[in-house]
Asker: 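Let me give you the structure first, and then I'll get to my questions.
Both backbone and side-chain heavy atoms feed into the values below; hydrogens, waters and symmetry mates do not.
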Amino acid sequence: MFLGRELPAAVEWAMACDYQRGDEQPGIHWRDVWGDQVTAFPGEVEQPTKANIAKAARAAIATIQESRKPGRTHNRANQILADRLGEIFRGSGQPIRRSNEPVMRNGKSVYVEGGGPFHDFLELVLKPLQRYLRERGLQVTVATIVRLVTDDFPKA
């Protein structure tokens with residue numbers, strides 16, 4: 001992908017910042033990644049080796065991972081449950097809609113997922129599964145399932 005210039009510019013930039021020919025500081029030979037067409041600075045450009053590109057890519061991945069903010073980890077079970085339970089509920093003929101309810105948190109009014117027939121259905125169906133998963137350090141939430149189902153099937 002790299003040699004074919006199929007990577008997004010941001011990825012190439014990250015790799016250029018971490019690219020090394022040898023033991024010098026990363027980024028000195030950035031033009032090996034970008035080429036000499038992007039600058040008027042004089043200097044020698046070399047064809048990057050696969051090993052150096054791989055090393056730069058690993059360094060770029062590490063840099064990006066270090067700067068990422070923690071967030072929700074992907075849980076494949078959420079999508080599977082959303083697909084299957086959404087289909088089961090649709091069989092009832094009732095529409096699936098999201099409903100946000102206002103609540104107070106830390107002295108501020110915020111909206112949380114809640115209410116409605118599909119939400120109530122999930123509350124009932126997911127309780128035993130949530131208990132089972134919690135014992136194993138895992139979880140699925142009603143709000144996540146509702147969000148995934150309604151994102152997959154937007155309002156008509």
Asker: Identify whether F89 and I80 are in the same connected component of the hydrophobic contact network (ILVMFWY, side-chain heavy atoms under 4.5 Å).
Answerer: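 The answer is no; the residues belong to distinct hydrophobic clusters.
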Asker: If I compare all heavy atoms of A77 with all of V140, which pair ends up nearest, and what's the gap?
Answerer: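 Heavy-atom minimum between the residues: CB-CG1, 4.3 Å.
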Asker: Testing the basics here: between L148 and A82, what is the closest heavy-atom pair and its distance to 0.1 Å?
Answerer: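 Of all heavy-atom pairs spanning L148 and A82, the closest is CB-CB, 3.7 Å.
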Asker: How far apart are the C-alpha atoms of T150 and R97, what are their side-chain angles, what is the distance that settles it, and do they pass the side chain to side chain contact (heavy atoms under 4.5 Å, CB included) test?
Answerer: CA-CA 7 Å; T150 55; R97 295 191 181 108; over 6 Å; no
Asker: To the closest 0.5 Å, what do you measure between CG (L81) and CD1 (I145)?
Answerer: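 If we round to the nearest 0.5 Å, L81:CG and I145:CD1 are 5.0 Å apart.
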Asker: I'd like to know if E87 and R84 make a salt bridge, using a cut-off of under 4.0 Å between side-chain N and carboxylate O.
Answerer: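 No salt bridge links E87 with R84.
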Asker: Cation-pi between R21 and Y19: NZ/CZ under 6.0 Å from ring centre and within 45° of the ring axis?
Answerer: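 Not satisfied by the 6.0 Å and 45° rule.
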Asker: If you measure from NE2 on H119 to CG on L124, what distance do you get to the nearest 0.5 Å?
Answerer: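 Here the interatomic distance stands at 12.5 Å.
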Asker: Just how far is it from atom CD of Q94 to atom CZ of F118, taken to the nearest 0.5 Å?
Answerer: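 The CZ atom of F118 is 11.0 Å from CD of Q94, to the nearest 0.5 Å.
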Asker: Take a 6.0 Å sphere around CZ of R136 and say whether it holds more than 12 heavy atoms from other residues, nucleotides or ligands.
Answerer: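 Yes, CZ of R136 has more than 12 neighbouring heavy atoms, counting only those of other groups under 6.0 Å.
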Asker: Can you give me every donor-acceptor pair (side chain of residues 103-111, partner residue at least two apart or in another chain, under 3.5 Å) with its distance?
Answerer:
none

Asker: Within a radius of less than 6.0 Å around CD of E135, do more than 12 heavy atoms belonging to other residues, nucleotides or ligands occur?
Answerer: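 More than 12 within 6.0 Å, yes.
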Asker: Got a sec, which residues hit side chain to side chain donor-acceptor pair (under 3.5 Å) with Q139, two or more places apart in sequence or on another chain?
Answerer: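 For Q139, no residue satisfies side chain to side chain donor-acceptor pair (under 3.5 Å) once neighbours in sequence are set aside.
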Asker: Can you tell me how far the CG atom of L138 sits from the CG atom of L129, to the nearest 0.5 Å?
Answerer: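 Here the interatomic distance stands at 9.5 Å.
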Asker: Check whether any side-chain heavy atom of L85 sits under 4.5 Å from a side-chain heavy atom of F121, and report yes or no.
Answerer: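 Yes; the side chains approach each other to less than 4.5 Å.
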Asker: I need the T141 OG1 to L133 CG distance, nearest 0.5 Å.
Answerer: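 That separation rounds to 11.5 Å.
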Asker: Does this structure show an ion pair linking E123 with K127, if we count only N-O contacts that are shorter than 4.0 Å?
Answerer: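 So E123 pairs with K127 through a salt bridge.
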Asker: Quick check: do R134 and R131 have side-chain heavy atoms less than 4.5 Å from each other?
Answerer: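 Yes, close enough: below the 4.5 Å cut-off.
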